[in-house]
Every structure is written in structure tokens, then in C-alpha cells.
Enquirer: 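Starting off with a structure, shown below.
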2 protein chains.
Amino acid sequence: MSGVRAQQKEKTRRLLVDAALNQLSAARSFSSLSLREVAKEAGLAPTSFYRHFSDMDELGLTLVDEAGLTLRQLMRQARQRIAKGGSVIQISVETFMELIESNGNVFRLLLRERSGTSAAFRAAVIREIRYFTMELCDYLQQANDLDSEVAYMQANAAVTIVFSAGSDALDMEDKTERVQLSKQTIQQLRFIARGAAELSDRRKAGRKTRK
Amino acid sequence: MSGVRAQQKEKTRRLLVDAALNQLSAARSFSSLSLREVAKEAGLAPTSFYRHFSDMDELGLTLVDEAGLTLRQLMRQARQRIAKGGSVIQISVETFMELIESNGNVFRLLLRERSGTSAAFRAAVIREIRYFTMELCDYLQQANDLDSEVAYMQANAAVTIVFSAGSDALDMEDKTERVQLSKQTIQQLRFIARGAAELSDRRKAGRKTRK
DNA sequence: AGCAATAGCGTACACGTGTACGCTTAAATT
DNA sequence: AATTTAAGCGTACACGTGTACGCTATTGCT
């Protein structure tokens, strides 16, 4: 019942997953990784790969799942920090940027496979990002008392801006450049928040007078 | 002097470029294209490829250049339409969406290689997009009398939003879905415009009182 | 007219790829 | 203790890849 075998299997499975993640870089996308490369990096014979995944695609989807997990951890962490007070937007952006610095490869995976070549991957990534967006949407609607449609548009725009900034940040090695980018991103999010708040107010006023 | 030879060479060079472009699709990225495939599609022997490009990379950069050209045509067309009156934002978004419907592959190339695997490609794509952004920035600054830094942030955010929407539009086969996306994008751009105008005003007021 | 340049082709090679197949060895089950 | 299960390995194969090399045929130049 201890499952020495299953335990060992899970261990080398992780070896494969980690091997794939570690091979990702600015110059190396998941789709450019070969089964043999991953197996070799994990210290396995090529054919042993099949004991864990039937395909590189299957490994890839596992990776996307892990990336989604990381994204959710990010949200949790941001919420905790926000609870302690401070500018919501600023804290969110800074938390996000930290994630990118420490988990660049995970983020790269999401960015690339989003517009990648495999329909399954795209669907999986889009699902994760949508989940992320919806979570933000709920928060905005509740915290700022927004019209639900307006909240969605704001959340969607904000996520787009932040992800794009993250993508840019990945290519920066200079620290001050990144700080500058953060500032700009924060300002852009404020633009959006401002516009959304206004539209939401206008809609509410419209509903009132119509009654 | 007529240059029968050079003329013919240019012709088959175009054959290669077009062959590469035609092979692009949702399921096929440029980096997944092989020299042999492109040559075959162009009706050439693999080795004849080298008479025109030393590399697939060189062909790729040519493609990016063409994409940049398309982007500039887009700007010109949008400007012409704007001159005839109407909502600037609406016209811009609609023009952009038309481009995507008719030149999906060109746009896909830009989107993918932007976060792609080759540093040279990324640099080239980023240059084209930056040029696009700067052009918009100038327009905004002049037309709306904005603070220059604010205008840049607005232009940058707008381009990000529009490109992201374009990327989403590529995956839609339903027409009404695309119309809905356009509406949302227009609204999001208005959010940004609103926020930017406000910040610009605040900055100007600040400068006045300080004098 | 004669020579040089060159676009395009065919052949050939070494290399990396996915994966089918059978074997070994150790855990799990009986 | 005997048997079944399955993780991992090595070998082997067919296939697609980039590209070096030499050849042909046509254009351009002198």
C-alpha cells in the first residue's frame, strides 16, 4: 500500500516536467523541444518517455496546467498584499513583475502557446487566462461597484496590458528599465480604471432617470 | 539593359516569399516551416533556394519587412477614412479588423515572431510595432493636444489592446462574434483615451499654477 | 562570336527525429 | 514462494532535414 513504485514513477515524471521547463528560454520554445532532448535532460532513455506521456503534446498540456497554477498563486499573493493596504493597481503590477522575474519560463510558455501552433494548447492557455480575467472581473465589480459589463471590459483590458508588459519585461536585463516599465503599466491601468468608472457611472445615471 | 535575367530572378524570389506566406496558418508558424517545404511549394528544387536567400531566417526577415509595409498601408487607409469624418477610434478599429480578415497570415507572423524564438525576428517585429506606435503617438499628441509622455502611454496601451483583439479575432469564424469584439475594443480604447486626457489636463494645470 | 556569370537541378551525405519491439529487473499480487 | 506487472533500456528503422558539390543551359559582357 505504501506504493514505492507509484512514488518512484511520480518522481521521474516530475523529472520530465522539470526538464522541459528548464529547457525553455528566450531562444527555445516548447514546440521546438524534441522528445529526445527532454528525455536526455531528464536522464532517461528516449523510449522511457512513453511510460509517462503518450506525446509531447500531453507533456505540454501538463505544463500549461502548472502555469495556470502559478497564475492562481499569483492572485492569492496579490490579494494578501492588497489586504495590508496600499494602491491596488501598484501592488498588483509589482507582484506580477516579481512572478516574471522568478518564473520567466512559465510565463514564456503561456505567452507563446497562446498564439502557438497547436489548437489544444491555445485552448488550454486561453482558458487559464480567461479564468484569471474572470477572477479580476469579480473583484473589480465588487470593490468598485461597477456595471458588470463594464467590469469585464476593464478586467479584459487590464489583463491584456499587464501580460503585454510582462512579455516586454522578459526581454529586459536592465533593472531601471523594468522599473520604468512598471510605472508606465501602472499609469495605463489607471487610465483604464478611470474610463471604466466613468462609463459605469453614466450607465447607472441613465438607468435612474429612465425610471 | 532590360535585365531579363534580374527580372526573372525577382520573379522566382517572389515565388518563394509568397510560398512561405501561403503556408502560414493557424496550425503552421514560420519557424515550423522547412526550407524544403517552401522550395517545393514554390516549385523549386531545395538547393535553388540558396540562390535567393542564404537562410530561412533571411526569408523570414523579408516577410517581417513586408508585414511592416502592410501595417503602414493600414495607417494610411485609416487616416484617409478619418479625414472624411466620424469617430476616430471606431474607424481605426474597423480598418484594423478588415486588415486581419484579409491578411490574416501577415498578422499572424507578426504576433508569433514577436515572442518567438529568434532574437533577430523579435527585434525586427518590435521595430515595426514601435514605428506604428510612434506614428499613433504623434497623431494623438497633435490632435488632442496631449502631454507628450501621456500621449506615448496612450498610444502604447492602444496598440497593445488592438493587437490583442486582432489576435483574438483570428480565432473567430463567427461574424457576430467579431462585431462584438470590435465594440468591446472600441470601448476599451475610449477608457484609455479618457484617462489619458484627464491626466494630461492635470499635468497642464499643475504647470500653470506652479508658475 | 566567344567567354564569363549565374539560376536552377539532381545526387549524395550526415544528422536528428518519433517510435516499434523485445529484454531486464524490481515491485506488486497471488 | 511463485507469478504477474510495469518502468526503464538498447537496438533498429524509416523519414525529413540542411546543405555541399558538380552539372546544364541561358543571359550578359567584351
Side-chain angles (χ1 to χ4, degrees), chain A residues 1-25 27-63 112-113 116-121, chain B residues 1-25 27-63 112-113 116-121:
Chain A
M1 255 294 178
S2 67
V4 174
R5 192 163 210 152
Q7 208 172 318
Q8 186 55 32
K9 177 162 188 183
E10 184 54 31
K11 212 168 162 185
T12 81
R13 190 188 138 107
R14 272 242 68 81
L15 239 51
L16 281 170
V17 171
D18 290 342
L21 262 177
N22 286 336
Q23 304 228 18
L24 295 181
S25 74
R28 216 79 172 70
S29 74
F30 178 79
S31 46
S32 82
L33 250 49
S34 76
L35 184 152
R36 287 173 110 107
E37 281 176 311
V38 174
K40 180 182 249 181
E41 172 85 9
L44 291 188
T47 49
S48 298
F49 181 96
Y50 296 106
R51 302 294 184 192
H52 303 272
F53 304 98
S54 70
D55 236 16
M56 276 294 282
D57 282 11
E58 203 173 307
L59 205 188
L61 289 177
T62 303
L63 251 52
R112 282 184 173 144
E113 300 311 329
T117 200
S118 148
F121 279 19
Chain B
M1 256 293 177
S2 66
V4 175
R5 190 160 212 156
Q7 205 171 320
Q8 185 56 32
K9 177 162 187 182
E10 184 54 32
K11 211 169 162 184
T12 80
R13 191 188 137 105
R14 271 242 68 81
L15 238 51
L16 281 170
V17 171
D18 290 342
L21 262 178
N22 287 334
Q23 304 227 21
L24 295 182
S25 72
R28 216 79 172 69
S29 75
F30 178 79
S31 46
S32 82
L33 250 50
S34 77
L35 185 153
R36 288 175 112 108
E37 281 176 312
V38 175
K40 179 182 252 182
E41 172 85 9
L44 292 187
T47 49
S48 299
F49 180 96
Y50 295 106
R51 302 295 183 190
H52 304 271
F53 304 97
S54 69
D55 236 16
M56 276 293 283
D57 281 12
E58 204 173 306
L59 205 188
L61 289 177
T62 302
L63 250 52
R112 283 184 173 143
E113 299 311 327
T117 199
S118 149
F121 279 21

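In the text below, chain A, chain B and the rest are named by the order of the sequence lines, each starting its count at 1. Values below: every heavy atom of this structure, side chains too, minus hydrogens, waters and symmetry copies.
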Enquirer: Which sits closer to the 5' end of DNA chain D, B:Ala6 or B:Met56, going by the nucleotide each is nearest to?
Expert: B:Met56
Enquirer: Please report the shortest heavy-atom distance between B:Arg112 and B:Arg28, naming the atom on each side.
Expert: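 Looks like NH1-O, 3.4 Å.
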Enquirer: From OH of B:Tyr50 over to P of C:dG10, roughly how many Å is that when rounded to an integer?
Expert: 16 Å
Enquirer: Rounded to the nearest angstrom, tell me the gap between atom CG in A:Leu59 and atom C1' in C:dG18.
Expert: 15 Å
Enquirer: So, does the side chain of A:Arg5 form a donor-acceptor pair with the base of D:dA6 at under 3.5 Å?
Expert: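 A donor-acceptor contact between them is present.
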Enquirer: From the options C:dT19, D:dC9, C:dG8, select the nucleotide whose nearest atom is closest to the side chain of A:Arg36.
Expert: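 Nucleotide nearest to A:Arg36's side chain: C:dT19.
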Enquirer: Return the value, rounded to whole Å, for the distance between atom CZ of B:Phe49 and atom P of C:dG8.
Expert: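 Those two atoms, CZ and P, are 13 Å apart.
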Enquirer: Quick check: any donor-acceptor pair below 3.5 Å linking the side-chain of B:Thr47 to the base of D:dG18?
Expert: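 In this structure, the two groups form no donor-acceptor pair.
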Enquirer: Among D:dT19, D:dT27, D:dG8, which nucleotide sits nearest the side chain of B:Pro46?
Expert: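 The listed nucleotide nearest to B:Pro46's side chain is D:dT19.
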Enquirer: Treating A:Glu58 as the side-chain partner and A:Asp55 as the backbone partner, does any N or O pair qualify as donor plus acceptor under 3.5 Å?
Expert: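 No, A:Glu58 side chain to A:Asp55 backbone: no donor-acceptor pair under 3.5 Å.
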Enquirer: Considering only side-chain heavy atoms of B:Val4, which listed nucleotide, D:dG18, D:dG28, C:dA28, is closest?
Expert: D:dG28
Enquirer: Any base atoms under 4.0 Å from B:Ser34, or only sugar-phosphate, or nothing? Heavy atoms, all strands.
Expert: sugar-phosphate
Enquirer: Specify the separation, in whole Å, of atom CD of B:Gln7 and atom C1' of D:dT26.
Expert: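 Rounding to the nearest Å, CD of B:Gln7 and C1' of D:dT26 are 15 Å apart.
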Enquirer: Can you name the closest pair of heavy atoms from A:Ala39 and A:Pro46 and give their distance?
Expert: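 That closest heavy-atom pairing would be CB-CA, 3.8 Å.
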Enquirer: Do any side-chain nitrogens or oxygens of A:Ser48 fall under 4.0 Å of OP1 or OP2 in D:dC9?
Expert: yes
Enquirer: I need the minimum non-hydrogen distance between A:Val17 and A:Leu63, along with the two atoms involved.
Expert: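 That closest heavy-atom pairing would be CG1-CD1, 3.6 Å.
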Enquirer: Can you measure B:Arg14 atom CZ to C:dA7 atom P for me and round it to whole angstrom units?
Expert: 18 Å
Enquirer: In whole Å, I'd like the distance from the CZ atom of B:Phe53 to the P atom of C:dA7.
Expert: 13 Å
Enquirer: Within the structure shown, what part of the strands sits under 4.0 Å from A:Glu37 by heavy-atom distance: base, sugar-phosphate, or nothing?
Expert: sugar-phosphate
Enquirer: Would B:Phe30 and B:Leu24 satisfy side chain to side chain contact (heavy atoms under 4.5 Å, CB included), going step by step from the backbone distance to the final call?
Expert: CA-CA 6 Å; B:Phe30 178 79; B:Leu24 295 182; 4.0 Å; yes
Enquirer: Rounded to the nearest angstrom, tell me the gap between atom NZ in B:Lys11 and atom C1' in C:dG8.
Expert: 15 Å
Enquirer: Expressed as a whole number of angstroms, how long is the span from A:Leu33:CG to C:dG16:P?
Expert: 16 Å
Enquirer: Does a distance-only test, which skips hydrogens and angles, find a donor-acceptor pair under 3.5 Å between the side chain of B:Arg51 and the base of C:dG8?
Expert: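 Per atom types, the contact qualifies.
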